[in-house]
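In what follows, chains carry the letters A, B, and so on, assigned in the order in which the sequence lines appear, proteins first and then strands, with residues in each chain numbered from 1. Please read all numbers here as calculations on a predicted model, not as lab measurements. Note that these values count all heavy atoms, side chains included, but never hydrogens, waters or copies made by symmetry.
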Amino acid sequence: MKKIIQSVKGTRDFYPEQMAIRIWLYNTMREVAESFGYQEYEAPILETLELYAAKSGEELVKDQSYAFTDRGGTEITLRPELTPSLARMIAQKQKELNFPVRWWSFGPMWRYERPQKGRTREFFQWNVDMLGVATPEADAENAAVLATFFQRVGLSPQQVLILVNNRRLIDDRYDAFDISAEQRPAVSSWIDRREKMSPEAWMAYGKEIGLSPEQITNLKEMLADKDLWKQSVDLMRFFAVIDVLGLREYFAFDASIMRGLLYYTGTVFEAWEVGGEIRRSILGGGRYDNLTRDVGGEPIPGTGFAMGDVVITLILEKYGLLPKDLNINPAPVFVTVFDEERMLESFRLASELRRAGLNVICYPEAVKLQKQFKYADRIGAKVTLVLGPDEVEKGQVAVKSLISGEQVSVAREALVAQIRKIIG
RNA sequence: GUGCCUGUAGCUCAACGGCAGAGCGCUUCCCUGUGGAGGAAGAUGUUGUGGGUUCGAAACCCAUCAGGCACCCCA
């Protein structure tokens with residue numbers, strides 16, 4: 001084979017088979033989001049680097065962004081996440097929007113990272129956000145969209161769990177343990193890493209970042225305390241709503257959930273596969289009350305989550321929950337061409353059927369019928385039509401069902417009805 | 001950005017440093033007006049790419065590209 005120009009590293013081609021899955025995912029997300037009254041929006045894929053400088057986290061901006069200078073000298077980046085764009089859009093119209101706004105989006109993001117299982121450089125992300133209200137009830141209702149999505153696709157609480165924490169709750173603990181403001185990012189990162197390190201290495205690392213033995217003991221006790229959330233009014237109210245929505249099984253408190261993004265201010269959450277075979281969070285979200293201010297607007301509180309298409313697809317695949325009956329052939333009706341002489345008659349017939357509201361393919365070359373039938377079978381057509389000398393003479397069309405194999409000849413006037421009978 | 005593993009026909013994979021193969025798929029025919037099942041015959045290829053070692057490289061070495069796994073980070 002000739003050398004074919006390579007695609008860009010970390011990108012995926014969506015052939016019709018994969019596109020069908022993406023569209024299915026998109027439709028499911030849309031239905032769930034709309035059932036909670038969320039409206040769809042979209043932001044540009046290109047944004048100024050400045051937009052992310054404030055709060056997205058140093059690594060995301062410095063090392064993982066697709067950044068370049070455009071012809072006008074502006075520093076541009078392919079969006080690595082959507083929330084800052086959303087904050088910008090909200091801030092721009094802060095005087096005219098009817099708060100709270102509920103918005104959702106599904107589009108491509110870019111991060112310059114090393115691709116591996118569950119991670120690509122271009123990925124699609126479902127973003128669901130509510131802005132304008134700072135209540136824990138808003139957090140809970142927003143997170144409920146997510147749990148409802150899990151329900152809808154058939155993922156059970158035994159398979160996926162949404163782990164919830166609250167940054168203010170943890171900050172109170174940090175205060176109590178005399179952990180300084182400067183130390184806190186390192187401590188959060190230390191907690192985040194607990195599952196990935198041996199207990200000994202983890203303890204040693206704790207000392208390394210300057211924690212006293214007493215502080216380490218306190219923090220370990222904090223992480224072990226399953227009822228810690230009851231000390232947080234926010235989380236009490238959050239779980240109360242989740243309870244009445246009948247979604248409690250999907251949620252669990254976990255004091256080790258920290259979230260890397262700097263802009264989170266309150267309740268935060270991540271979803272994980274329970275078995276833990278796919279060691280990667282499925283999504284992340286939480287409350288961010290300062291983001292519109294950080295992009296130059298009035299402070300408008302917000303809460304939301306983002307889910308990438310790559311990991312959720314892996315999870316759905318693992319549990320056999322991807323739809324298997326996705327028919328990627330949109331045209332169930334196939335018109336064969338008998339020979340050169342009758343080719344135009346076939347095209348005319350196909351056109352008539354399309355005007356009658358059917359999706360129709362006509363073979364564009366006068367080759368052997370055997371080849372045309374084989375092709376029709378392969379692409380998943382349901383019914384095949386033949387316009388041969390016999391049929392034309394009688395004013396009929398031969399109609400063969402590729403499902404049952406039965407074939408009948410019917411008058412042109414009865415054709416559409418006959419086809420509809422077969423394709424259902 | 002770091003470490004490790006992998007790359008052979010369209011696909012899944014074999015081949016001790018010594019003639020590049022199998023299964024599936026594909027093409028043609030059995031069947032001059034009909035798909036799926038069956039039978040027969042046929043074609044698969046710059047062994048990811050570029051160098052090197054060797055009488056001889058798919059295999060060994062170096063570089064590079066791509067994929068995977070673990071870090072880092074995160075959707």
Plane angle bin for A:Tyr375 and A:Tyr363 - parallel if under 30°, tilted between 30 and 60°, otherwise perpendicular: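 The arrangement is perpendicular - the two ring planes meet at more than 60°.
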Could you work out which one of [options] sits closest to the side chain of [X]?
X	options	answer
A:Gln64	B:C4, B:C73, B:G35	B:C73
A:Asp377	B:C72, B:G67, B:G36	B:G36
A:Ser281	B:C29, B:G35, B:A75	B:A75
A:Gln6	B:C73, B:G68, B:A66	B:A66
A:Ser189	B:C73, B:A75, B:G68	B:C73
A:Lys374	B:A66, B:G36, B:G68	B:G36
A:Lys400	B:C72, B:G35, B:G1	B:G35
A:Arg378	B:C73, B:C26, B:G68	B:C26
A:Lys117	B:G68, B:G36, B:G33	B:G68
A:Val310	B:G35, B:A75, B:G3	B:A75

- request: Look at the side chain of A:Glu391 against the base of B:G33 and say whether a donor-acceptor pair falls under 3.5 Å; ignore hydrogens and angles.
  value: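 Per atom types, the contact qualifies.
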query: Is a donor-acceptor pair below 3.5 Å formed from side chain A:Glu270 to base B:A75, judging by atom type as modelled?
result: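 There is none.
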Interatomic distance where [atom1] belongs to [X] and [atom2] belongs to [N] [whole Å]:
X	N	atom1	atom2	answer
A:Phe373	B:G33	CZ	C1'	8 Å
A:Arg114	B:C5	CZ	P	13 Å
A:Tyr52	B:C73	OH	P	22 Å
A:Gln370	B:G35	CD	C1'	9 Å
A:Arg193	B:A70	CZ	P	16 Å

query: With nearest nucleotides of RNA chain B determined for A:Gln407 and A:Phe124 from heavy-atom distances, which residue corresponds to the more 5′ nucleotide?
result: A:Gln407
field: 5' priority, RNA chain B, between A:Ala306 and A:Gly10 [closest heavy atom]
entry: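 Residue closer to the 5' terminus by nearest nucleotide: A:Gly10.
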Assert yes or no for the condition that the ring centre distance of [X] to [Y] is strictly below 6.0 Å.
X	Y	value
A:Phe124	A:Phe14	yes
A:Phe149	A:Trp126	yes
A:Tyr38	A:Trp103	no

Axial cation check for A:Phe123 ring with A:Arg111, 6.0 Å and 45° limits: no
task: Give a yes or no on whether a salt bridge exists between A:Arg342 and A:Asp339, defined as a side-chain N under 4.0 angstrom from a carboxylate O.
output: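 A salt bridge is present here (some side-chain N lies under 4.0 Å from a carboxylate O).
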Hey, does [X] reach any base, or is it just sugar-phosphate, or nothing, if we go heavy atoms under 4.0 Å?
X	value
A:Ile379	nothing
A:Arg119	base
A:Pro115	sugar-phosphate

- prompt: Has A:Phe123 got its ring stacked on the base of B:A75, with centres under 5.5 Å and planes less than 30° apart?
  reply: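 Yes.
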